Amino acid sequence: MDLLTQSLEQETAAPTSLPTTTTTTTNNNKEVNFSIFTDLNESLHELEDTDLDALMADLVADLNATEEKLAAEIQGLKVPSPPPTGSNVSTPASSSASSPLPPPPPQSTKPTKEEIEAQMKADKIKLALEKLKEAKVKKLVVKVLLNDGSSKTLMVDERQNVREVLDNLFEKTHCDCNVDWSLCETNPELQLERAFEDHENLVEPLLAWTRDSENKILFKERGEKYEVFKNPQTFYLWKKDNKALKAIKDKDKEILIKENFCGTSAIVPDLEAVLHLKEDGKKSWRQRLFQLRASGIYYVPKGKTKSSRDLVCFLQFDNVNVYYGKDFKGKYKAPTDFCFLLKHPQIQKDSQYIKYLCCDDACTMNLWVTGIRIAKYGASLYENFKTAEKRAAVSSVWTNLPPPPPPPPPLPSTSTFPPSPPEPVFAPPPPPLAAKSSPKPAFPQQHPPPNFPLPPPPAMDFPPPPPLPPIADHSEAPPDFLPPPPPSFGSLSPLPPLPGKSLPPPPPPCFRRMDQSLPPPPPDPGFLPPPPPQPMFTGAGAPPPPPPPPPPPPPAPTAAPSAAVRPSGSVRKMPPPPPKRTTPTLPAGGGGGGGGEGGGGDFMSELMKAMQKKRSVP
Amino acid sequence: MCVSPALFSFPGVCLLHSVRPVSFAPRSLSLSSSRSPRMAGWDLSVTVEDLGPDAPPVTLSVTSDLHVGGVILRLVEKTQIKRDWSDHAIWWEQKQRWLLRTSWTLEKYGIHADARLLYMPQHKPLKLGLPNGITLRLHACFSSPVFQTLMGICRMLNIRHPEELSLLRPLEEKKKKKDKDSAEEIYDLTEVPRSSGTLITLHSLSRPDMHTYEEWLSRPCLYNGMPAHFADSPKMEAIYKMLSVTQPPPAPEVVAKQYRPASVVDKAHINGRWLDSSRCLIQQGIRENDRLWLRFKYFAFYDIEPKYDVVRLTQLYEQARWSILLEDIDCTEEEMMLFGALQYHISKVSQSEPKLLSSSAAMDDLESALQSLEVKMDGESSSASEMLHVTICFRPKKLTLKGYKQYWFKFQDTSISYYKSKEESIGEPIQQINLRGCEVAPDVNMAAQKFLIRLLIPAPEGMNEVYLRCENEQQYAQWMAACRLASKGKSLADSSFQSEIKSIHSFLAMQRTNPSSHGNTPANDESINTHSLVSPRYHKKYKTKQLTPRILDAYQNVAQLSLTDALTRFLQIWQALPDFGLSYITFLTNRFKGSRKDEVLGIAPNRLIRIDLGVGDVVKTWRYNNMKQWNVNWDIRQMAIEFEGNVNIAFSCVTADCKIVHEFIGGYIFMSTRSREKSDTLNEELFHKLTGGHEAL
């Protein structure tokens, strides 16, 4: 059976077990474990295994591919250098033949040698640059709670903004994609909730969570998210009476939006209200007359006028976010339950640095929270809204199409895409293809032909077992870096952060890991399995020397067979490969290709260790 | 929005269409037919200005059917002066009008033997005070409506969108300043040939195809980055530089001396000084060499494009800066500090960056990407890895009194680690602190040689307060810069590290300067008196020593901005002030006739507000888009505005003529009609329609 048929089989099987590629991780955890998709609430070991398997496979494949590619380039053959797609680029020749992949760059016309060389040089440099970037990308596995109590788990990488994650979730949940859908973080300890803004990066705020955090991420509709664009008059004409506001015409709303958001800078509604402030560190609440300005929140000191010069700055927005408080009446004896608070995103526990404010009614609270958001984010809110609106319109068109072409996720133009998660939704059609090609680890993903939108989920097919042996050897050699992420994180497990260099301060989680199982080997970048990136870059200034050959290339063949075996054998493989796999590939690529400062290597060796360990246990 | 500028019917519109939009000849339409031709000759005396003030009028024998062109021809022949008379025209003094239609007969104009006519150039020199405080001398057109005169001036100065500006009668200066005025430097632009300036305006006006002029306005072609007439000589280049480069911060005394409006009512007075856009300068009593101010009048700035708008942006910034310094617009202390920081940054950058460079080329080019990579790698390998090992003192909490302990500190990327001693720095640090997202505040006393860096480091439990005490200025500057960068997530390898150190040094230097040296020290680039960056209120409130750290504090957020970005940022913050864009007028309402209490009307780009003078609060807001129409009763000088929902207001203006209020409202409505979809051409006709009133005819 050739790979194609295998993959086809896979495909047919997959739907039966899983209606969509989405991992509903509730019960069928065991079967469904794909790689990085993990429900953290389930056994973390499970997570680790699958994760590692997948990642490993990727790495192997990537290394392999890189090596081949390099070899080809070095020979100066007309072997088309893979399109400068970045780290995913490794496509062993054999695989490309069988797989319906994007055609190799049309170089067959034998350009002059100089041209080829120049082209190659350029490609290599681009590749190196991208790998350098890749190497440092942080990724998280995130569990998102849905309204119905179920959850979705997905991988988020540093560069993804909330909009992209929302798009992924839209595809996974088949919701109506309206503009109100938001990702919210909750902190049960502080009893607060905040909807992320669409342009924010998701990973950064999540990294601020503590290890034992009970924080959650919710995916839900929040009407207030873009209320200001639906009814700008309630914010900008709040002084007028309700009747007048209700009578306002659509045209006037447009004018309001245009006036306030389309100028050189967004205009902040001028709010003024008596709010209750919880005094620093005290239990009492005290009333003050507050004013909102673009530059911050001010209050009017007792006995002074309201003129600007007399205002006292209460707080500026540079370093704080605004959160809704839940049930503060009970917790802090607030006068009402309509509270909001401002704090540095890193603060996770009650502290005097958190500012608690309490409003008389819900309306005032929304006014203020929205006003603060406008002051803080300005016109990007409006940009977000327009994007969300577009997305909602598009989705309504597509909802009924059975095999919707994967909407190109808003990827950074750089070829690297971390965020392949969205694709899984569309998985049904593409998976087969991907599976087919899966033996070949990586595809140039930059401009996938419409038919093959899915990022190759090869990792899926590469079960860790086969690749392991070869890898194990290498892993021994480079005994550096951190052990795999311990299974014990809250709802999100930070993937091994790839520090730029052998940086001293691994984030706290890392330490954890160290304690945990693997003895932290002395970080020795030199030992990295991936080709030391350095030479490449130094060369880059002048003529770039050929990329260093990947050190421990796990033979592709090994990988491929293994992949083949796996799918046919166990149910496990059945699930259509989650595209996430690609994400892991990237870091691997970074390691293999140029690894920047060894970050990639870090990651790799860590993985290997983990796998080894795992192996040894059974 | 259905706004009709109602007013009185408007026969003059067709005139505007026709040949020359000279707006003051309406009555002649009716007059011309009323009289029977008198062919008998009579004497017409015309004063020719060029003959000198004392020369007797030239007397011509004319008949009533002689056209004005003929009069001029005879006049020129009689004076026997050979020169270019093309710019000259006849001004009828009693009727306060120009006789610009040369084909009209004397009869049609209604001129009789008793008419006092003056033959003089239409363009005369004028002293023009720019928003940046500098005075220019240039030729302005005295015969066309101020709006067109302004278009000519703006064209000469390379300012796009002249409709946003207007001319303002200056405040009366106190007599004692007279002598000082004479010493004032005046940049002379009178040499500029009119063809490159105002005259072209007239030409293009005389033909309805405004295209060339407007095209120029939207895409002026530049030589060496400036309009051709500025590239002529070094002197002209200097003038252009003055126009396009921001002025150094004024000495605090200069600011303190200037008139500052103390109340809303004071602010309302200034708006009574705007010239009428639809009448010409001479009709408004402006004479040769008089002084006028050029200012942005309508606070709706359209399509600012730094590439073409160098002068516009600079002058707008200057106007904004002065409005802040003179407390014309209120702001809070925090905002003032940020404005101060931006001014400091702008003056620093504009000195080092003589011309506005377009923003750096896109990085997608492989070469540049490579270069930046190289730089980065270099940086990382050298400075980042073994940056700054120093012994400095450290104390984790402020409470402990003698808490400072010496440690060996190491700065790496965005973290600091500390060790017991240098020897132990190979091993594990005692602690490592990541500074990303932390707040960095200086605590420096030069006199006491105290160099403290206060760090507020966010942690899940709250903020950790840490103090670093540096030994000397040099070390402090380095560590401060490093902390600042790290708090923004940048490593020491970042290219801004060195410049950050430099700016910290220069701020330290400012602090070192003796605060008593209040003298008129010229603002050298390194030693700017921070008092010159804030309004006089803060001169009293803070000493330089106290002010400097606060400005420095705000400065760290803007230090990386390019000149254009900094200017834009300044304007953005300015525009975000709650009172931005409000022009005040005091008025009397008719509704409470008995009370006769003055109230203040604020005219903003999108609304009118009524302010209670007692509290200073906004009592009522009317938005233009709810406005159905407004009317002016020119006889009793009263404005009546009708809003949707049967809201009517009527008032008469106290501090300004109702024409000014009318022009403000009409002007803002005109500004809101500008849009990219429509062509970029300035719809002058519409402007006059909206702002002109009956006088436009």
Side-chain angles (χ1 to χ4, degrees), chain A residues 122 125-126 128-129 132 208-210 213 237 239-240 244 247 251-252 255 259 263-268 270 291 293-296 298 305-313 316 318-319 344-354 375 413 499-501 503-505 507 534 537-538 540-541 597, chain B residues 1 300-301 304 327 329-336 338 364 366 369-371 373-374 377 380-381 384-385 410 412-413 415 417 428-429 432-434 437-439 456-463 491 537 557 568 571-573 575-579 605-606 615-618 621 623 625-626 645:
Chain A
I125 294 167
K126 274 188 192 152
L129 284 174
L132 187 70
W209 292 8
T210 52
S213 173
L237 306 176
K239 285 175 189 160
K240 304 227 170 190
K251 207 181 152 210
D252 291 335
I255 292 175
E259 249 171 43
T264 45
S265 60
I267 295 172
V268 178
D270 51 341
Q291 278 191 4
R293 296 168 73 104
S295 57
Y298 295 78
T305 68
K306 283 196 277 185
S307 78
S308 304
R309 59 191 71 166
D310 286 337
L311 294 177
V312 174
C313 186
Q316 297 189 293
D318 299 334
N319 293 317
H344 193 288
Q346 297 235 29
I347 300 178
Q348 299 290 317
K349 310 208 158 115
D350 197 6
S351 137
Q352 55 163 331
Y353 294 96
I354 303 180
S413 56
K501 351 172 107 224
L503 291 186
Q534 293 292 54
F537 296 114
T538 43
E597 296 292 303
Chain B
M1 181 168 62
F301 312 114
I304 292 185
E327 291 162 26
I329 181 167
D330 265 350
C331 65
T332 65
E333 195 171 314
E334 284 68 24
E335 286 154 356
M336 182 61 84
L338 186 51
D364 40 59
L366 184 64
L370 258 181
Q371 275 185 350
L373 175 70
E374 248 182 323
M377 302 294 289
E380 285 186 19
S381 55
S385 56
K410 205 175 187 176
Q412 217 164 32
D413 261 12
S415 311
S417 345
E428 284 283 302
Q432 186 171 43
I433 308 170
N434 194 339
C438 78
E439 287 174 34
L456 261 188
I457 298 157
E461 296 77 24
M463 306 293 247
S491 79
R537 178 202 323 284
N557 290 322
T568 316
L571 295 177
Q572 274 178 1
I573 304 171
Q575 292 178 60
L577 295 175
D579 293 342
N606 58 359
V615 195
D617 262 3
V618 175
T621 303
R623 296 172 51 80
N625 53 311
N626 294 326

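Below, chains carry the letters A, B, ... as their sequence lines are ordered, and counting in each starts from 1. For clarity, every value in this text was computed on a predicted model and none was experimentally measured.
Contact of A/Lys240 with chain B is made through the side chain alone, with heavy-atom distances under 4.5 Å. Using a 4.5 Å cut-off between heavy atoms, B/Gln575 contacts chain A through its side chain alone, with no backbone atom that close. If you measure heavy-atom distances from A/Asp350 to chain B, the contacts under 4.5 Å come from the backbone alone. Only the side chain of B/Leu456 comes within contact range of chain A, with heavy atoms under 4.5 Å apart. Residue A/Gln352 does not touch chain B at all, counting heavy-atom pairs closer than 4.5 Å.
A/Arg293 is listed as a side-chain neighbour of B/Pro578, based on a closest heavy-atom distance under 4.5 Å. Contact annotation: the side chain of B/Thr621 never approaches that of A/Leu237 to less than 4.5 Å [non-hydrogen atoms, C-beta and beyond].
The candidate from A/Asp270, A/Ile347, A/Ile267, A/Val268 with the greatest count of non-hydrogen atom pairs under 4.5 Å with chain B is A/Ile347. With chain B as partner, the option from A/Ser295, A/Gly296, A/Ala375 having the largest number of non-hydrogen pairs under 4.5 angstrom is A/Ser295. The candidate with the highest count of non-hydrogen atom pairs below 4.5 Å against chain B, out of A/Cys313, A/Ser308, A/Ala208, is A/Ser308. Counting heavy-atom pairs closer than 4.5 Å to chain A, the top residue among B/Ala576, B/Pro460, B/Gly462 is B/Pro460.
A distance of 9.0 Å separates CD in B/Glu439 from OH in A/Tyr353, rounded to the nearest 0.5 Å. Rounded to the nearest 0.5 angstrom, B/Met463 CE and A/His344 NE2 are separated by 5.0 Å. Rounded to the nearest 0.5 angstrom, A/Gln316 CD and B/Thr332 OG1 are separated by 7.5 Å. With values rounded to the nearest 0.5 angstrom, B/Asn625 atom CG is found 4.5 Å from A/Asp252 atom CG. In this structure, B/Glu333 CD and A/Arg309 CZ are separated by 12.5 Å, a value rounded to the nearest 0.5 Å.
In summary, B/Arg623 and A/Glu259 engage in a salt bridge, as defined by a charged side-chain N under 4.0 Å from a carboxylate O.
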